[in-house]
Amino acid sequence: MEGRKSLMVVSLLENEGKSTVAVNLALALERKHKKVLLIDCDLRLSTVATKLGIRPTPGLCDFLIGEVRIEEAVRNVEKYGIHVLPASQAPADPTGLLESRQMEHLFTALRRNYEYVIVDLPPVTVVSDAMILSKCLDGYLIVIREKQTKHRAVEETVRSLEFAGAKILGAVISGSEVAEKQNKYSYYYTNSRNRK
């Protein structure tokens with residue numbers, strides 16, 4: 001993954017751990033001394049701000065409807081060394097905001113300012129939001145929950161994404177015993193580092 005990269009973290013269904021993966025990926029890249037922006041584009045059920053302990057507003061929705069400048073919406077979360085653009089309050093028409101020309105221009109600008117842009121999106125089988133942004137970003141990272149996500153569902157989703165011209169960069173298995181241990185290590189590593 002050389003150069004400036006932007007990728008979407010998605011799951012097939014709810015509660016598969018996509019937001020946790022998006023947050024941990026952003027933190028892992030920061031540890032590699034990369035300039036990272038994490039965007040919460042799950043405008044219906046946003047959780048990134050809560051996971052990182054920051055205010056959810058102002059955020060992406062406030063910027064897209066013209067209430068704030070992008071500099072006011074993006075947070076420099078010094079505790080973790082990353083920048084975050086929270087979703088803000090749920091809008092009446094999430095899909096319409098994501099389809100807007102302003103959203104496309106925003107991603108073009110952000111890609112110039114960050115080495116990595118990580119985007120947390122709603123599950124791909126629930127709403128079409130992830131498909132809408134495929135033209136703006138480099139590709140998808142699919143989160144698959146062990147012993148929950150069906151193989152056929154994964155195959156059908158991959159076919160649908162590829163048919164739409166989306167590039168799939170890889171997959172992450174969540175909910176496994178190994179993944180749980182790694183998440184605990186990540187938590188203790190981050191907190192011990194912040195206490196220094």
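Every value quoted in this text rests on a predicted model; they were computed, and no experiment measured them. For the single chain, residues carry numbers from 1 onward in sequence order.
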Visitor: What salt bridge (charged side-chain N to carboxylate O under 4.0 Å, His left out) pairs are there with at least one residue in residues 43-62, not counting sequence neighbours?
Guide: R44-D129

Visitor: Drop me the distance from Q102's CD to I65's CD1, to the nearest 0.5 angstrom.
Guide: 10.0 Å

Visitor: Could you tell me which residues satisfy side-chain contact (heavy atoms from CB on, under 4.5 Å) with M103, sequence neighbours excluded, listed by chain and number?
Guide: C41, L60, L64, L98, S100, L106, F107, L133

Visitor: Which residues pass the side-chain contact (heavy atoms from CB on, under 4.5 Å) test with Q89, sequence neighbours left out?
Guide: T57

Visitor: Which residues satisfy the side-chain contact (heavy atoms from CB on, under 4.5 Å) test with P123, sequence neighbours excluded?
Guide: S11, E14, K18, V126

Visitor: Who passes side chain to side chain donor-acceptor pair (under 3.5 Å) against T50, sequence neighbours left out?
Guide: none

Visitor: Taking side-chain contact (heavy atoms from CB on, under 4.5 Å) as the definition, give me every residue that meets it alongside I168, ordered by chain and number, with sequence neighbours left out.
Guide: I142, V158, L161, E162

Visitor: Under the salt bridge (charged side-chain N to carboxylate O under 4.0 Å, His left out) rule, collect the residues that match up with R101, sequence neighbours excluded.
Guide: E104

Visitor: Against the six-membered ring of Y114, is K35 placed for a cation-pi contact (under 6.0 Å from the centre, within 45° of the normal)?
Guide: yes

Visitor: Would you please name every residue forming a salt bridge (charged side-chain N to carboxylate O under 4.0 Å, His left out) with E72, sequence neighbours left out?
Guide: R69

Visitor: Partners of S19 by side chain to side chain donor-acceptor pair (under 3.5 Å), sequence neighbours excluded?
Guide: T47, D120

Visitor: How would you list, by chain and number, every residue that makes a side chain to side chain donor-acceptor pair (under 3.5 Å) with S46, sequence neighbours excluded?
Guide: none

